[in-house]
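Okay, so here's the structure we're looking at.
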Protein chains: 2
Amino acid sequence: MKRVTIHDVAETAGVSLATVDRVLNGRPGVRKTTIEKVQKAVDTLNYKPDIFAAGLAKKRLYRFHFLIPNGPNAFMEDLTREAATHAQTLSSDRMHVHVEPIDAFDGHRVAGTLAILDSSVCDGVAVVAPAFPEVRAAIDRLQDRGVPVVTLVSDHPSSTRQHFVGIDNVAAGRTAGRLLGRFLPRQPAKIALVAGSLGLRDHADRYAGCRAVIEADFPHLELLKAREGRDDNARNQDLVQRLLNDHPDVAGLYNIGAGNRGAIAALKASGRADDIVFVGHELTPYTSQALRKNILDAVIAQDPGHEIRSAIRVLKALSDGAPIIEGQERIGIDVFLKDNLPESPDVTKST
Amino acid sequence: MKRVTIHDVAETAGVSLATVDRVLNGRPGVRKTTIEKVQKAVDTLNYKPDIFAAGLAKKRLYRFHFLIPNGPNAFMEDLTREAATHAQTLSSDRMHVHVEPIDAFDGHRVAGTLAILDSSVCDGVAVVAPAFPEVRAAIDRLQDRGVPVVTLVSDHPSSTRQHFVGIDNVAAGRTAGRLLGRFLPRQPAKIALVAGSLGLRDHADRYAGCRAVIEADFPHLELLKAREGRDDNARNQDLVQRLLNDHPDVAGLYNIGAGNRGAIAALKASGRADDIVFVGHELTPYTSQALRKNILDAVIAQDPGHEIRSAIRVLKALSDGAPIIEGQERIGIDVFLKDNLPESPDVTKST
DNA sequence: AATTTCTTGAGGTGCGTTACTCATCAATAG
DNA sequence: CTATTGATGAGTAACGCACCTCAAGAAATT
């Protein structure tokens with residue numbers, strides 16, 4: 001069980017240490033046949049470089065920037081908190097995670113933030129990318145400069161980002177639709193929809209997924225036109241209140257985006273919270289409590305901790321040129337009922 | 001942004017390198033006041049040892065043994081596969097994960113396997129612990145010998161195991177109960193129950209959770225007496241077939257344990273698959289397909305990949321004497337409908 | 001044949017810790 | 001006053017790899 005070192009590789013390949021080093025680190029000046037000899041030796045010996053020694057010698061440093069929207073959004077706050085927590089924990093692992101709050105509605109500012117980054121200050125970027133063309137362009141340019149970029153939560157499929165860490169929002173919407181369909185009695189009824197903005201890709205995807213399922217499998221249910229509340233609690237409260245007033249026969253409510261607090265308040269005030277099946281997104285102290293109180297009936301969520309850790313793993317792999325284990329990086333669409341809530345609502349303690 | 005090394009600590013503490021080393025590694029022969037001086041220097045400089053250098057110098061090796069039941073259980077096979085996959089990946093991280101299949105029904109054999117381990121051959125053990133007193137005793141003895149032990153999937157709360165990696169099965173049962181209650185129409189009906197054995201702690205917990213929810217929130221539903229099929233497909237098929245025959249008014253089915261394949265077959269054969277709400281556990285190729293075909297209506301699951309990774313992290317932390325980040329190690333109770341299934345049914349590829 | 005270019009060997013240094021040994025020096029006990 | 005113990009300094013050899021230099025032989029070019 002002794003470790004295989006470059007010495008062993010050199011010996012069995014019949015070359016010198018220097019040559020092995022040249023091959024292993026892709027340095028020039030080695031004949032093709034020699035390269036193959038070395039590679040064969042590596043394979044037969046199953047040589048793996050010692051990450052400790054390599055890391056030490058390389059003085060490797062992983063400097064990652066996380067751009068996460070600020071603002072009063074509980075989910076983004078969770079993301080930020082998780083990232084900050086890991087920034088602490090991982091500083092001993094030669095990883096410097098820098099969390100930079102961004103204004104998700106100001107594309108130029110975000111693009112500007114991305115524009116000043118390059119490989120001299122940063123080895124990888126994870127960004128919750130607002131869907132502006134200038135942001136997409138900035139991502140592409142960053143990649144050209146050799147900085148790997150992963151998109152977080154919200155994807156930019158047309159950009160050259162190396163990886164997307166997040167959930168399939170169409171599937172999430174389908175899941176919401178099925179829960180609504182199955183929780184509601186099998187009789188004609190209306191379902192009210194509230195979104196942040198259908199201009200946002202994730203919201204549009206969820207909407208499409210939900211609609212597809214309802215139309216296909218629950219044709220007795222009627223989806224009302226989606227109202228846009230910009231993920232704002234006050235606006236959502238107002239919207240839901242009005243929807244409930246205008247439609248006494250609304251039996252279901254799906255909040256596609258954030259701002260559940262407003263919807264919860266309106267539903268509570270209406271006195272119809274028990275009768276209306278309400279499905280929302282993201283686990284927060286508010287949605288947890290609403291689930292416990294039977295105001296919310298189900299929450300579709302993604303785990304911010306998993307997402308941050310996955311993003312870090314992926315960025316590290318990209319920096320190292322290591323392969324990404326797809327199965328490990330798949331973010332699940334979590335379904336929470338009142339019974340399978342995690343024990344503590346605050347995901348992370350300040351330890 | 002320069003790295004702080006022990007040299008810096010030694011300098012600002014006004015002591016020698018050797019003394020810093022003694023303090024940092026808890027070696028004897030240092031006066032209390034000196035220890036404090038060093039510690040203060042560490043704090044003010046915010047010194048963190050370089051894991052690369054430390055790992056290299058220490059020639060640290062993490063040898064973990066995973067004892068996982070063999071036999072034709074898809075979930076255990078997944079666990080085994082995940083562990084094996086990580087054994088490969090992590091060998092470069094100086095971790096040697098050894099997977100040892102055990103016979104979960106032979107307590108003495110398992111206890112014997114545990115008995116021959118000690119700190120000279122193994123730095124940590126994760127075991128899917130069969131609920132035999134001799135196994136519990138063996139775990140306790142292993143810990144006494146200085147080998148940290150975590151229980152996996154199935155807990156031994158009364159043993160001295162350092163940690164449990166798995167889900168809260170009462171909550172899982174509650175979740176199943178609520179899904180049944182909400183998916184079924186609000187009218188009197190019977191729910192059939194199949195378990196592996198109510199002598200198994202996890203199964204008993206799930207049963208209790210399900211019963212509690214049904215009785216409290218869905219009193220119009222009647223839970224039939226749980227039949228025990230020993231997680232065996234043939235037996236389960238037989239059981240379900242008989243249950244459906246004997247009770248034409250059965251509207252729901254909850255398979256508490258493994259052996260979904262048998263239940264699925266029986267349900268399919270009965271021609272009542274579409275009408276009966278069927279909730280089961282664990283995501284396998286069979287349950288995935290049954291969900292897609294509307295035979296299964298919901299699957300409660302735990303992610304074997306998460307569990308293996310969590311166990312490894314916990315064992316590593318225990319070996320290092322490092323703290324465990326509870327929030328990160330909490331295993332979620334996953335709910336799968338046909339819409340939020342992971343893309344590929346086989347969780348891991350052979351790369 | 002002379003010259004240039006390519007390829008390889010030999011060797012060294014540094015990375016930050018760990019885990020030693022050996023030598024001091026002081027305080028304390030006998 | 002000496003022997004003993006305790007606390008500390010000083011130094012060093014790994015650990016395995018990355019990266020660099022210098023030199024020399026081989027091959028290709030002119």
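Here is the naming used below: chain letters follow the sequence lines, and residue numbers restart at 1 for every chain.
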Notebook entry, point to check: Charged N to carboxylate O under 4.0 angstrom, A/R141 versus A/D144?
Noted result: no
Notebook entry, point to check: Is it true that A/D78 and A/R81 make a salt bridge, defined as a side-chain N closer than 4.0 Å to a carboxylate O?
Noted result: yes
Next item on the list: Whole angstrom is fine here: how far is it from CG in B/D8 over to C1' in C/dT17?
Entry: 14 Å
Notebook entry, point to check: Looking at side-chain heavy atoms only, is the closest gap between A/K40 and A/D43 below 4.5 Å?
Noted result: no
Check: Can you say whether the rings of B/H65 and B/H98 are parallel (under 30°), tilted (30 to 60°) or perpendicular (over 60°)?
Finding: tilted
Checklist line | Residues which pass side chain to side chain donor-acceptor pair (under 3.5 Å) with B/D168, listed by chain and number, not counting sequence neighbours | finding: none
Could you write out each protein N or O paired with an N or O of nucleotides 18-22 of chain D at a distance under 3.5 Å?
residue	atom	partner	partner atom	Å
D/dC19	OP2	A/R27	NH1	3.1

Item checked: Side-chain N or O of A/T19 closer than 4.0 Å to phosphate OP1/OP2 of C/dG9 -> yes
Next item on the list: May I have the distance from B/I51 (atom CD1) to C/dT18 (atom P), rounded to whole angstrom?
Entry: 12 Å
Next item on the list: Verify the neighbour count for atom CZ of B/R109: are there more than 12 heavy atoms of other residues, nucleotides or ligands below 6.0 Å?
Entry: no
Next item on the list: For A/P101 and A/V99, work out which heavy atoms get closest and say how close.
Entry: CD-O, 3.8 Å
Margin query: If I take atom CG in residue B/D50 and atom P in nucleotide D/dC15, what distance separates them, rounded to the nearest angstrom?
Written below: 19 Å
Margin query: Distance check needed: C/dC15 C1' versus B/L56 CG, whole Å only.
Written below: 9 Å
Notebook entry, point to check: Tell me, which of residues 28-37 of chain A have any heavy atom that sits under 4.0 Å from an atom in DNA chain C?
Noted result: A/G29, A/V30, A/R31, A/T34
Notebook entry, point to check: Rounded to the nearest Å, what distance is computed from the NE2 atom of residue A/H7 to the C1' atom of nucleotide C/dG11?
Noted result: 11 Å
Check: Hey, does A/I324 have a side-chain heavy atom less than 4.5 Å from the side chain of A/L318?
Finding: yes
